[in-house]
Chemist: 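My questions all concern the structure below.
First the proteins, then the strands, lettered A, B, ... as listed; each starts at 1.
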Amino acid sequence: MREKLEQILVKALEEVNAADTKDTLEAARVKYLGKKGELTAILRGMGQLSAEERPIVGQVANEVRAKIEAAIEGAAERAEAHELENKLKKETIDVTMPGKKIVFGKKHPLTTVLDEVTDIFTGMGYSVAEGPEVELVHYNFDMLNAPKTHPSREPQDTFYIDDEIVLRTQTSPMQARIMEQTQPPIRIIAPGRVFRNDEVDATHSPMFHQIEGLVIDKGITMGDLKGTLEVFAKELYGEETSVRFRPSYFPFTEPSAEMDISCFKCGGKGCPMCKYEGWIEVLGCGMVHPNVLRNCGIDPEVYSGFAFGVGLERITLFRYKIDDMRLLFENDVRFLSQF
Amino acid sequence: MKLPYSWLKDFTDVGIHNVSAKKYAADMTMAGTMVGSWESPADEISNVVVGKIVSMERHPNSDHMWVCQIDIGKDEPVQIVTGAWNVHVGDLVPAALHKSTLPGGIKIEKGKLRGVPSHGMLCSLKELQLEERDFPYGAITAAALLNDYKPLDPEKPSIPADIQPGHKVFGPVVAAKVLECATQSYGVYHTCLDLGDKTACPDTTCQNLHEGDMVAYNTKSDAICTLADLRAQQAEFPHCITDGIFVLNEDCKPGDDIAPVLSLDEITFDFDILHNRPDCLSIIGLARESAATFDKEFSLPKPQVKNTVGDISEHLSVEIRDADLCPRYSAAMAKNIKIAPSPRWMRDRLRAAGIRPINNIVDITNYVMLEYGQPMHAFDYRCLKDGKIIVRRCTANEECTTLDGQTRKLWENTLVIADAEKAVAIAGVMGGENSEITEQTEMIVFESAMFDSVSVRTTSRRLGMRTEASGRFERGVNCEGCMSALQRACQLVEELGAGEIIGGYVDAYPNPKPVRTLKLEPERVSAYIGAQIDREFMVKTLEKLAFKVEGDNVIVPSWRDDMEGMADIAEEVARYFGYDNIPTTLLRGETTKGGLTRRQQFNRKVNDACNAAGYSEAKTLSFLSPKAFDKICLAENDVRRQAVVITNPLGEDQSLLRTTALPAMLEAAARNYNYRAPAIHLFEPSKIYLPKLDENGKADPHQLPDEKSVLVMATYGEDFFHLKGCIEGVLSMLSIPGCVFTPCKDNPSYHPGRCAAIMNGDQLVGYAGQAHPAVLKNYGIGTELYMAELDLEVLFELVDKDRFYQPIPKYPASTRDLAVLCDEEIYVLQLETCIKKAAKKQLEKLELFDVYRGAQVAEGKKSVAFSLTLRNPDHTLTDKEADEIIQNVLSALEAEYGATLRA
């Protein structure tokens, strides 16, 4: 009897341990521990044993049952893990297959860069002003101290609607419009379309965009101009960018300057991008000419200020290394979808 | 403005060779006089020397090459093989030796030419990147060699192949064999010809003759014939070409480096002169800036004339009739003029500065113009009737034949220089042919004057003539500089031995220019710049630039009309202090609010919403072609045909400002269609320009137009409902409720059956639909294209600013599906409106899910199926309540549209 129990235990453990699914395990349980199971059958036969043997065999039988049950419990966990493993294996997919196409529209690169520039300046307390693209000669030239003989007034450069109305050649007339309407302190940028009588080529377009900046307050210095534009350049092109200011001439600023930034391609060592100069011209700027302040009813003895004008196309072309300005206005979806 | 470095050195000792051209250019640029580029031809030339041809032999394996022994100043001559026919023993030539470089990165090394070693190359003008213009004497004349003759038609040669000396070629021209050819003087060769029965010994300028050559000789004119003389074509004499080695006529010897010999060692800087600094359009102006930049002495010697004869008043009188256009006119005279080429140094400098040398007198006027910035002119005195110069506005119908030989009709009031009878020059623009300096000129008048810049500009534009002189007058010439330029011209005439100076000057200067004085305010200048700069530095800087500082007064030099006040002084100080040395600061003072306005935020949202709907942003130009109105099928009287007209457009196609953004978008679509893009989804928030209309309903060009923003969208590869869904999505993202798409059959740009007017109540928001097939045809688009225009000004006003949270429902909803049969003509919108009205507030959502026509539906009818979501916020709807609502809906549909529940 006792030997029989031990044989059952050995057999049962063997089968339980071999079972790797819930089903085979359940089959093993029924076979040994079920109502008609082998162990149950033996326990049923206990009545035939002598009184001395009964407790001993009973104890052994209980031990055997406990061991089988423990084994089954352990095996059940294994089987579950095994089954999960099989399921995961079966469900495996090729994650390298392409994703489902979801079409998102893209921002135009000019808009992306303009939004960035706008955010830089609004973060410094500037507002954004807009004004007419068809503009009076009065604002586009006269108020800005442009000499009557200045070549920019020529029809070769400026589109005329009549003698007194032009397509604005710059965003600078916004300076005059704002100063006329607003009392200092003034801190604005004025982005927008401007027009020049230039044939289209890789670097010219009869229509392009500028971003004008204007600050008027008491005690504004050239140092402030430099500081502000340096922050702007670093925000736009990265902290490592350095700037330089070169004397220049604009009728509406005095002193005037061009701001160059260190070439972002070669870092200033010289490369085809910067024509081996290490510097790239990005904007014109200067202290607002006292005549312009006076024209707009602001007393130059009390207030001073600075102004700047950035070519949006120029900084956008640099930003994305686009080599032909025409691409910006051709609206080829192969181009637009890249940004 | 080009500045040859050697010329700069006449006035200041800025040592470029010590600091390098790059540093000079960089420092000048940073001090405000920008150097655009510079060139030094010698940089590209190395190991090219003067060589003398010692001997020449024909190449054993070639019928056209010569083997030359060249003396290069060493013990032994070098052997160089050349294919050129124009060199002779004794000629001095540029020899590029083994391991030499030529302009354009060309490297020369020794090698073998058809088996014969050659230790370099003899150079032509072209190989040195020079032009005949630079060295007119380097032009080559070639004789037609009969031994080189190749008949055009081999069957019918015009010259027999076996022609012998003395045989007739045609007329007086006979064949002749060269017995001897020797250089007589530079460019002239003495020959001895065998004419068969006799000989002839003509001199010739033909450079390609050698012993044994057969030539054509004109017995009548005693000359050897060129290609032109024979009226022959180049192809008949393949080797008779006017190209060859540059035979030098310079003061040099074998072994000399070629660069200085040909003055190629000059460095020329090309400056971009700022518009407010016309004084820097002169060597002296640039020298002054250079000296100030490098802190060197600047000296301007006063021009002196040593000897004069007579007095100018005996010969010349000047009268200014229109002083408003000519504030000053001064003149000087010289006689016994000997017209000749100007000396080499002058020609070299003129050439380096970009001006073509002509003769000594003309060259002097140009030289002085470059040096002093004062345009000069020289008249032939003989042609000035009565010795009079009158500066006046021209009369009606007056004409002037200018130096370029063209007779030009003058606009009335053009300022001219005239004698007693006629115009002899167009003031400030160009001289007249009738008073031109010629070989016969004996007595000259130099003009040094100041003409009004606007007048010169207008005249030069009208005549289409822009000259070095007119350009300078346009930008402003210094009235006070007239006399010194005149004196300099006279000094040069004397130095060059070009004539004798007549004593005295004529100087008509009715209203001398007042001296300008500004105030020196060191504290204000410092504060303006934002750097502590002491007074001493300011004074020193100004004095270097020829300002005089007396106490607090700054006396402005006469050539600095740009100086008006404190800000101008600040600029002079700042650029020499160094813009880069100004400490950078950030703005202080009162803070400002800043940020975007609600409208600007809205504009950004429009872009974001369109992007989210899958549309990419396009950017088109604001111009419009007048043809575009027809292309988008606008009616003849459509108000959009009234557009702002550009008076000077780039072309007809860009002559209007757009009143509709559709054409540009259609062009973008067409471009993509032509590139075979399978689908596009484009939008643009576009400006349109709506002119004010006059009483006749026409665009008024004298008023600024209204500028409005519209949103244009275009797509192909999709259907109407895709576009509509996108627009609805965009409106939803912009918080614009209540826009309805209603059928629109009369928009001529759209398909009449597939166009909707987008309405908010009675207000038109825009249109959406399929482009009319005629429009698509006009743009060459072969697929269905859907487009929309929305008025952004209107949309902005419709934004729901009071959108608040709606509680999440607590009770479940009931969903009921409903299919009704109705007439084909009834729009879904009508049924929806009816359902909404009947179901009242408890209708939470209404969705169309099917429209069916066909088998089980009677002809002329359709089945329309909706799904209704019903909900009561206060309790769960009972079936009974829901049934009641549906019943109401059905009754309403039947009553209003005769629509019945589909069985």
Chemist: May I ask you to name which of B:Gln654, B:Lys593, B:His702, B:His681 has the most heavy-atom pairs under 4.5 Å with chain A?
Modeler: B:His702
Chemist: Atom OG1 in B:Thr29, atom CG in A:Asp260: separation rounded to 0.5 Å?
Modeler: 9.5 Å
Chemist: Given the options B:Asp706, B:Val645, B:Ile680, which has more heavy-atom pairs under 4.5 Å with chain A than any of the others?
Modeler: B:Val645
Chemist: Side chain, backbone, both or neither: which part of B:Arg524 has an atom under 4.5 Å from a heavy atom of chain A?
Modeler: side chain
Chemist: Report the option among A:Phe104, A:Tyr126, A:Phe159 that has the most heavy-atom pairs separated by less than 4.5 Å from atoms of chain B.
Modeler: A:Phe159
Chemist: Could you pull out the closest heavy-atom pair between A:Phe329 and B:Arg671, with the gap in Å?
Modeler: O-NH1, 4.2 Å
Chemist: Measure A:Ser248 against the heavy atoms of chain B and call it side chain, backbone, both or neither at under 4.5 Å.
Modeler: both
Chemist: Among A:Pro206, A:Pro251, A:Pro155, single out the residue with the greatest number of heavy-atom pairs under 4.5 Å to chain B.
Modeler: A:Pro206
Chemist: Just give me the residue among B:Ala668, B:Gly595, B:Ala679 that pairs up with chain A most often, heavy atom to heavy atom, under 4.5 Å.
Modeler: B:Gly595
Chemist: Mind checking whether B:Tyr675 and A:Phe335 have ring centres under 6.0 Å apart?
Modeler: no
Chemist: Going from NZ on A:Lys226 to CG on B:Asn581, what distance comes out if it is rounded to the nearest 0.5 angstrom?
Modeler: 7.0 Å
Chemist: Is chain B contacted by the side chain of A:Leu136, its backbone, both, or neither, given a heavy-atom distance below 4.5 Å?
Modeler: both
Chemist: Between the side chain of B:Tyr579 and the main-chain N/O of A:Ser256, is any donor-acceptor distance below 3.5 Å?
Modeler: yes
Chemist: So for B:Ala527, is it side chain, backbone, both, or neither that comes closer than 4.5 Å to the heavy atoms of chain A?
Modeler: backbone
Chemist: Select one option (side chain, backbone, both, neither) describing which atoms of A:Ile189 are under 4.5 Å from chain B's heavy atoms.
Modeler: neither
Chemist: Of all of A:Val200, A:Ile186, A:Val166, A:Asp119, which one pairs up most often with chain B through heavy atoms under 4.5 Å apart?
Modeler: A:Asp119
Chemist: Which atoms of A:His150 come close to chain B, meaning under 4.5 Å heavy atom to heavy atom: side chain ones, backbone ones, both, or neither?
Modeler: both
Chemist: What part of A:Lys218 is in contact with chain B, defined as an atom under 4.5 angstrom from a non-hydrogen atom: side chain, backbone, both or neither?
Modeler: neither
Chemist: Closest approach of B:Glu617 and A:Thr111, non-hydrogen atoms and distance?
Modeler: OE1-OG1, 2.7 Å
Chemist: Find the distance between OG1 (B:Thr585) and CE (A:Met222) and round it off to the nearest 0.5 Å.
Modeler: 11.0 Å
Chemist: Heavy-atom pairs under 4.5 Å with chain A - which of B:Glu474, B:Lys687, B:Met34, B:Met566 has more of them than the others?
Modeler: B:Lys687
Chemist: If you tally heavy-atom pairs under 4.5 Å against chain A, which of B:Ile646, B:Leu274, B:Asn611, B:Thr584 wins?
Modeler: B:Asn611
Chemist: What part of B:Arg604 gets closer than 4.5 Å to chain A, counting heavy atoms only: side chain, backbone, both or neither?
Modeler: side chain
Chemist: Under 3.5 Å, is there a donor-acceptor pair between the side chain of A:Asp224 and the main chain of B:Leu587?
Modeler: no
Chemist: Locate the shortest heavy-atom distance separating B:Leu704 from A:Val134; write the atom from each residue and the value.
Modeler: CD2-O, 3.4 Å
Chemist: Does atom NZ of B:Lys708 have more than 12 heavy-atom neighbours from other groups under 6.0 Å away?
Modeler: no
Chemist: Heavy-atom distances under 4.5 Å only: say whether B:Tyr689 touches chain A with side chain, backbone, both or neither.
Modeler: side chain
Chemist: Quick one: what part of A:Ile161 sits under 4.5 Å from any heavy atom of chain B, side chain, backbone, both or neither?
Modeler: both
Chemist: Name the member of B:Ser622, B:Ala677, B:Cys610, B:Ala31 that forms the most heavy-atom pairs with chain A at distances under 4.5 Å.
Modeler: B:Ser622
Chemist: With distance as the sole test, does B:Asn648 use its side chain to make a donor-acceptor pair with the main-chain N or O of A:Thr158 at under 3.5 Å?
Modeler: yes
Chemist: Just by modelled atom types, is the A:Val128 backbone N or O under 3.5 Å from a matching donor or acceptor in the B:Gln600 side chain?
Modeler: yes
Chemist: I'd like to know if the side chain of B:Lys619 reaches the main chain of A:His108, judged simply by a donor and an acceptor atom lying under 3.5 Å from each other, with no hydrogens or angles considered.
Modeler: no
Chemist: Counting only heavy atoms closer than 4.5 Å, note whether B:Leu586 contacts chain A via side chain, backbone, both or neither.
Modeler: both
Chemist: Using a 4.5 angstrom heavy-atom cutoff, name the option from A:Val231, A:Val333, A:Val103 with the most pairs to chain B.
Modeler: A:Val333
Chemist: So what's closer than 4.5 Å to chain B heavy atoms on A:Arg193: side chain, backbone, both or neither?
Modeler: side chain
Chemist: Under 3.5 Å, side chain of B:Asp580 to main-chain N/O of A:Phe245, donor-acceptor pair present?
Modeler: yes
Chemist: Determine the interplanar angle of the B:Phe623 and A:Phe195 rings, folded into 0 to 90°, and report it as parallel if under 30°, tilted if 30 to 60°, perpendicular if over 60°.
Modeler: perpendicular
Chemist: Do you know which of A:Pro185, A:Gly227, A:Pro255, A:Pro109 has the most heavy-atom pairs under 4.5 Å to chain B?
Modeler: A:Pro255
Chemist: Under 3.5 Å, is there a donor-acceptor pair between the side chain of B:Asn276 and the main chain of A:Tyr249?
Modeler: no
Chemist: Assess the residue pair B:Thr647 and A:Asp162 against the criterion (side-chain contact (heavy atoms from CB on, under 4.5 Å)); give the C-alpha distance rounded to whole Å, side-chain angles, the decisive distance to 0.1 Å, and a yes or no.
Modeler: CA-CA 7 Å; B:Thr647 56; A:Asp162 79 345; 5.8 Å; no
Chemist: When rounded to the nearest 0.5 angstrom, what distance separates CG in B:Leu657 from CG in A:Leu167?
Modeler: 5.0 Å
Chemist: Which answer fits A:Asp217, side chain, backbone, both or neither, if we ask what part of it has an atom under 4.5 Å from a heavy atom of chain B?
Modeler: side chain
Chemist: To check you understand the geometry: which heavy-atom pair defines the closest contact between B:Pro701 and A:Ile165, and what is its length?
Modeler: O-CD1, 3.5 Å
Chemist: B:Leu650 and A:Glu199: which non-hydrogen atoms are nearest, and at how many Å?
Modeler: CD2-OE2, 3.6 Å
Chemist: Quick check for you: among A:Ser304, A:Pro247, A:Ala257, A:Pro290, which has the greatest number of heavy-atom pairs under 4.5 Å with chain B?
Modeler: A:Pro247
Chemist: Taking the basic N atoms (NZ, or NE/NH1/NH2) and the acidic carboxylate oxygens, is any pair closer than 4.0 Å for B:Arg461 and A:Glu154?
Modeler: yes
Chemist: Show your working on side-chain contact (heavy atoms from CB on, under 4.5 Å) between B:Ile582 and A:Leu225 and close with a plain yes or no.
Modeler: CA-CA 10 Å; B:Ile582 300 170; A:Leu225 163 69; over 6 Å; no
Chemist: CG/A:Asp332 to CG/B:Asn672 distance, rounded to the nearest 0.5 angstrom?
Modeler: 5.0 Å
Chemist: I'd like to know if the side chain of A:Glu254 and the backbone of B:Glu571 have a donor-acceptor N/O pair within less than 3.5 Å.
Modeler: no
Chemist: For residues A:Asn291 and B:Glu564, is any side-chain donor paired with an opposing acceptor at under 3.5 Å?
Modeler: yes
Chemist: If you round to the nearest 0.5 Å, how far is CG of B:Asn607 from NZ of A:Lys106?
Modeler: 15.0 Å
Chemist: Does the A:Arg187 side chain pair with the main chain of B:Gly594, one donor and one acceptor, at a distance under 3.5 Å?
Modeler: no
